[in-house]
Amino acid sequence: MSIGSVIELDFDVAAAYDEHASAMLGFAVNALRDRTLAEDCVQETFFRAWRARSRFEPRRGSLRTWLFAIERNVIVDVQRSLTRMPMPASDRIEDIDRGSGGVTRDTSPDVDERLRIVAALALLSPEHRQVVVAVHLGGSTYAELSESTGVAVRTLRTRTFYALRALRDHLDGQEES
């Protein structure tokens with residue numbers, strides 16, 4: 001029996017879905033800003049994971065990391081397909097932007113970089129992610145966050161330290177591979 005077949009037997013799609021689908025949906029919604037597309041991406045991710053289950057190697061990373069890597073590729077595929085789709089004249093982005101402030105499609109060149117950062121943030125624990133998002137992305141101070149969460153400032157600073165280190169390790173690891 002090969003290693004791949006042993007791993008294949010251990011890959012439980014239902015358990016993986018129960019454990020990771022919620023975080024993956026949040027990641028997809030954040031990246032696509034469309035819940036319906038995000039739900040489709042999560043479904044496609046688990047379908048691709050199931051088809052590729054024999055290639056999953058736990059020594060290279062956790063199941064969560066593997067699933068998020070697949071999801072990132074699914075999201076990139078969806079965004080690329082969206083840019084190729086012709087839009088009806090009334091739904092042009094310029095018309096929407098001038099209108100009531102509707103949702104616009106992100107076509108900036110740094111979408112891949114943003115996806116990498118969002119994927120890295122999704123790998124953090126909820127407590128670590130909360131601090132990084134609030135302080136480094138939201139502009140809150142540690143004192144404000146401490147007041148709203150009831151967590152000591154020193155604890156928040158420690159969480160930030162470990163979260164930033166984990167983010168740096170993850171992002172540096174992606175650049176090397």
Same apolar cluster: Leu25 and Trp50, side chain cutoff 4.5 Å
yes

Show the nearest heavy-atom pair for residues Leu32 and Cys41, with the distance to one decimal.
CD1-SG, 3.5 Å

For Arg64 against Ala122, the heavy-atom pair lying closest together:
NH2-O, 2.6 Å

Residues which pass side-chain hydrogen bond (donor to acceptor under 3.5 Å, both in side chains) with Ser146, listed by chain and number, not counting sequence neighbours:
none

Take a 6.0 Å sphere around CD of Glu39 and say whether it holds more than 12 heavy atoms from other residues, nucleotides or ligands.
yes

In this structure, are over 12 heavy atoms from other groups packed under 6.0 Å from Arg60 atom CZ?
no

Hey, does the side chain of Arg159 reach the backbone of Leu156 with a donor-acceptor pair shorter than 3.5 angstrom?
no

In terms of hydrophobic clusters joined by side-chain contacts under 4.5 Å, are Leu171 and Tyr162 together?
no

Are Leu145 and Val153 connected into the same hydrophobic cluster when the rule is that any two of I, L, V, M, F, W, Y join if their side-chain heavy atoms are below 4.5 Å apart?
yes

Mind checking the CZ-CG spacing from Arg165 to Asp172? Nearest 0.5 Å is all I need.
13.0 Å

Mind checking whether Trp66 and Val13 sit in one hydrophobic cluster, side chains of I, L, V, M, F, W, Y counted as touching below 4.5 Å?
yes

Looking at every heavy atom in both Leu63 and Ala16, which two are closest together, and how far apart are they?
CD2-CB, 3.8 Å

Please report the interatomic distance CD(Gln130) to CG(Leu124), rounded to the nearest 0.5 Å.
12.0 Å

With a sphere of 6.0 Å drawn around CD of Glu144, does it hold more than 12 non-hydrogen atoms of other residues, nucleotides or ligands?
yes

Rounding to 0.5 Å, atoms CD (Glu44) and CG (Leu37) come to a distance of 12.5 Å

In Å and rounded to the nearest 0.5 Å, what is the CG to CG distance from Leu115 to Asn73?
10.0 Å

Rounded to the nearest 0.5 Å, what separates atom CZ in Arg116 from atom CZ in Arg72?
7.0 Å

Do you know which two heavy atoms are closest between Gln79 and Ala31, and how far apart they sit?
NE2-O, 3.3 Å

Inspect the surroundings of OH in Tyr142 and state if more than 12 heavy atoms from other residues, nucleotides or ligands are less than 6.0 Å away.
yes

Pair listing, ring pair (Phe, Tyr, Trp, His ring centres under 6.0 Å) test, anchored in residues 19-43, at least two apart
Phe27-Phe68

For a side chain to side chain contact (heavy atoms under 4.5 Å, CB included) with Met24, tell me which candidate from Leu67, Ile70, Val74 qualifies.
Leu67

If you round to the nearest 0.5 Å, how far is CG of Asn30 from CD1 of Ile117?
11.5 Å

Does one hydrophobic cluster hold both Leu137 and Val131, with members joined at side-chain heavy-atom distances below 4.5 Å?
no

How close do Leu123 and His170 get, counting heavy atoms only, and between which atoms?
CD1-CE1, 3.3 Å

